[in-house]
Amino acid sequence: MFARGDDVSIQQMMDKFNEFSRSTGLTVNPTKCKIYCGGMKEEDKQTIEQITGFSRGQLPFRYLGIPLQSRKLSNNHCMVIAERIGDRMKHWSTKLLSFAGRVQLLKSVVFGFASYWMSCLPIPKMVTKKLEAMCRSFLWTGKGEITRKSPIAWDRVCGPKSNGGLDVINLEAWNKTCLTKLLWKLASKEDSLWVQWIHKYYIKSEDVMQVDIKDNGSWILRSIFKMRTEVAQLEQWKKLNEQGGFKMKKLYLDFLEKHPKVEWRGLMIKNYARPRAIFTMWLACHKRLATKTRLEKFGVQTDLKCVFCDCPETIQHLLFECRETKEIWEKVLSWLNMKHKAQRWDQELVWLTKVCKSRNWRSNIVKVAIAETVCEIWKKRNGHVFQQQYKDSNTAQKIIELIVNKIWIYPKYMKRIAQMIVE
């Protein structure tokens with residue numbers, strides 16, 4: 001039950017409550033009910049408690065899991081999001097996840113929980129920054145504790161795949177998008193009770209983009225109207241006004257930090273390889289695989305020799321120049337019926353992008369082959385370094401089997417794969 005200090009007397013309020021109880025047949029157990037009072041004198045609050053037998057509740061109260069009160073929510077009120085997300089990250093099963101598995105957890109469980117709050121509340125920037133720091137640390141370390149380890153900047157990770165990202169949601173940009181959606185509902189006078197109430201008591205007959213909101217207005221409404229100056233400069237907002245209809249994805253992309261499109265984006269889009277293979281290839285395209293020469297730049301004392309030969313271990317040498325990996329590429333390319341001589345990594349990316357640019361069946365199979373080959377070479381290297389697995393296995397044959405298994409489940413490729421196996 002809620003009580004607000006106004007012209008209605010306490011007795012009138014109780015009469016209305018009793019009348020409502022009789023008309024609905026509702027029976028109330030005072031020991032299980034609470035009353036929330038706002039804008040009332042202390043003696044009036046005590047009088048209501050005595051008459052009703054209800055205990056007094058403390059603000060903010062929770063409705064459908066969201067804390068609500070008349071004043072602005074503090075950082076401490078919203079930190080419950082970080083606490084619950086942290087609990088999910090500390091679960092024992094998350095320690096077994098690969099990088100690709102952590103990305104999927106961030107996209108689904110973590111984002112789903114945070115988005116529920118952001119769809120109706122402006123989240124303080126301090127809380128949003130902490131959430132992003134937790135997500136960043138979880139992606140690269142598998143732990144919820146905040147660290148500075150980050151091979152690739154978080155704003156790049158949150159970018160679209162065409163810009164070299166992983167399509168992980170940027171929480172700050174998403175919160176702005178949700179607030180802008182509420183602003184759009186007010187501007188378009190959507191048929192809802194909340195919009196009608198705001199227009200009646202706040203906007204009245206004025207323009208939504210021009211009306212002044214008083215300081216004593218709702219803090220949520222003030223946060224929504226603060227977005228007016230920011231969205232007015234966005235091209236997408238202007239298009240929405242011209243075309244009608246709100247498209248959150250396009251507006252969200254406008255709020256993201258702009259990065260140029262990468263040439264190798266075709267390798268990431270619609271790739272049927274294993275998620276872990278795609279993630280490893282993504283790191284390789286950014287030149288962020290933790291090779292020995294790269295670790296040396298960060299002060300890690302290590303032997304710079306390649307695990308397969310005596311040359312310095314760079315990404316170029318490991319993937320294309322080492323005799324061990326050269327042999328793997330030759331066998332895989334031979335199975336694909338392709339003749340190609342390995343070049344420098346940047347040149348290889350250009351060649352691979354060109355090969356995978358078309359939309360035919362061979363292009364899609366080559367994309368899978370590239371991702372799986374890079375992943376298996378990196379896996380074989382790590383097995384030598386960390387587990388001393390010197391036993392030579394037929395890596396090329398394993399890669400071919402992975403390609404067949406991933407492509408065979410798609411009916412349109414079955415005939416093509418069968419022909420390649422027979423040949």
Side-chain angles (χ1 to χ4, degrees), residues 96-101 103-104 107-108 161-162 166-167 262-285 289 308 315 318-343 345 347-384 389 391-423:
L96 306 177
L97 292 175
S98 63
F99 284 114
V103 171
Q104 188 59 41
K107 287 183 177 181
S108 55
K161 290 183 178 180
S162 59
L166 291 176
D167 279 334
V262 293
E263 295 294 333
W264 44 265
R265 58 185 179 275
L267 302 178
M268 300 293 298
I269 299 173
K270 292 185 179 181
N271 193 326
Y272 301 126
R274 294 173 298 166
R276 103 172 35 199
I278 296 174
F279 189 91
T280 304
M281 184 180 67
W282 177 73
L283 283 176
C285 290
L289 287 178
F308 305 118
I315 186 172
L318 178 64
L319 292 182
F320 299 109
E321 294 178 354
C322 181
R323 62 177 181 272
E324 188 83 12
T325 56
K326 261 186 179 181
E327 184 180 349
I328 295 173
W329 278 109
E330 288 174 358
K331 291 180 179 179
V332 174
L333 291 174
S334 176
W335 181 77
L336 293 171
N337 196 21
M338 300 177 67
K339 295 182 180 180
H340 175 70
K341 186 177 181 181
Q343 305 174 55
W345 176 237
Q347 296 172 324
E348 285 298 312
L349 279 181
V350 174
W351 177 78
L352 293 172
T353 302
K354 185 178 180 180
V355 171
C356 299
K357 193 172 184 179
S358 61
R359 299 182 180 180
N360 56 33
W361 64 273
R362 183 175 293 277
S363 174
N364 291 327
I365 294 176
V366 170
K367 278 198 284 190
V368 176
I370 294 166
E372 296 293 352
T373 304
V374 171
C375 181
E376 287 303 310
I377 289 175
W378 184 244
K379 181 180 177 181
K380 184 174 183 178
R381 177 263 185 196
N382 289 338
H384 277 65
Q389 294 179 354
K391 184 179 179 181
D392 188 23
S393 59
N394 195 344
T395 306
Q397 184 60 35
K398 181 180 178 181
I399 294 171
I400 293 172
E401 291 175 358
L402 286 171
I403 298 170
V404 172
N405 290 335
K406 295 304 295 183
I407 295 295
W408 189 262
I409 60 176
Y410 300 97
K412 60 182 179 180
Y413 297 122
M414 283 185 180
K415 185 177 179 180
R416 302 292 186 180
I417 288 293
Q419 291 175 353
M420 296 175 69
I421 294 174
V422 172
E423 293 174 0

Review point. Who are the side chain to side chain contact (heavy atoms under 4.5 Å, CB included) partners of K354, not counting sequence neighbours?
Key: none

**Study point:** Heavy-atom donor-acceptor pair, S162 side chain to R265 backbone, under 3.5 Å
**Key:** no

Practice item. Mind listing the closest non-hydrogen atom pair of A371 and N271 along with its distance? Key: CB-ND2, 4.0 Å

Without placing hydrogens or testing angles, list every side-chain donor-acceptor pair under 3.5 Å for residues 272-284, not counting sequence neighbours.
residue, atom, partner, partner atom, Å
R274, NE, E372, OE1, 2.9
R274, NE, E372, OE2, 3.3
R274, NH2, E372, OE1, 2.8
R274, NH2, E376, OE2, 2.9
T280, OG1, R276, O, 2.9
W282, NE1, G164, O, 2.9
W282, NE1, H286, NE2, 3.3

Practice item. Kindly indicate whether the side chain of V404, heavy atoms from C-beta on, has any atom under 4.5 Å from the side chain of W335. Key: yes

Review point. To the nearest 0.5 Å, how far apart are CD1 in I400 and CD1 in I417?
Key: 10.5 Å

**Study point:** Pairing residues for N382 by the side chain to side chain contact (heavy atoms under 4.5 Å, CB included) criterion, not counting sequence neighbours
**Key:** W378, F386

Study note, to complete from the structure: Distance col, row I370:CD1 vs C375:SG, nearest 0.5 angstrom, shows 13.5 Å

Practice item. Kindly write out the residues that satisfy ring-ring contact (aromatic ring centres under 6.0 Å, His included) with W408, not counting sequence neighbours, or none if the list is empty. Key: none

Exercise for review: Can you measure from CD1 (I407) to CE (M414) and round to the nearest 0.5 angstrom?
Suggested key: 11.0 Å

Check your understanding: At what distance, to the nearest 0.5 angstrom, does CG of L318 lie from CD of E324?
Key -> 10.5 Å

Review point. Which ring pair (Phe, Tyr, Trp, His ring centres under 6.0 Å) pairs, counting each pair once, include a residue from residues 352-374, with sequence neighbours left out?
Key: none

Exercise for review: Only counting residues at least two apart or in another chain, list the ones meeting side chain to side chain donor-acceptor pair (under 3.5 Å) with N364.
Suggested key: Y413

Revision key, fill the gap. Sorted by chain and residue number, the salt bridge (Lys or Arg N to Asp or Glu O under 4.0 Å) partners of E263 (sequence neighbours excluded) come out as none

**Study point:** Donor-acceptor contact present, side-chain R362 to main-chain L336, <3.5 Å
**Key:** yes

Review point. Looking at CH2 of W264 and SG of C285, how far apart are the two atoms once the value is rounded to the nearest 0.5 Å?
Key: 5.0 Å

Review point. Side chains of V355 and W351: does their closest heavy-atom pair fall under 4.5 Å?
Key: yes

**Study point:** Those residues that, when tested against K331, pass side chain to side chain donor-acceptor pair (under 3.5 Å) (two or more places apart)
**Key:** E327

Review point. Taking only residues two or more places apart in sequence, or in another chain, which ones meet Q347 in a side chain to side chain contact (heavy atoms under 4.5 Å, CB included)?
Key: Q343, R344

Review point. Which value, rounded to the nearest 0.5 Å, describes the distance between T373 atom OG1 and K398 atom NZ?
Key: 12.0 Å

Check your understanding: Tell me, do T325 and L319 make a side-chain contact under 4.5 Å, heavy atoms counted?
Key -> no

Review point. With F320, which residues qualify under side chain to side chain contact (heavy atoms under 4.5 Å, CB included), at least two apart?
Key: Q316, W329, A342, W345, E348

Point to revise | Side-chain touch V262/M268, heavy atoms, less than 4.5 angstrom | key: no

Review point. Short question: side chain of K367, backbone of I269 - any donor-acceptor pair under 3.5 Å?
Key: yes

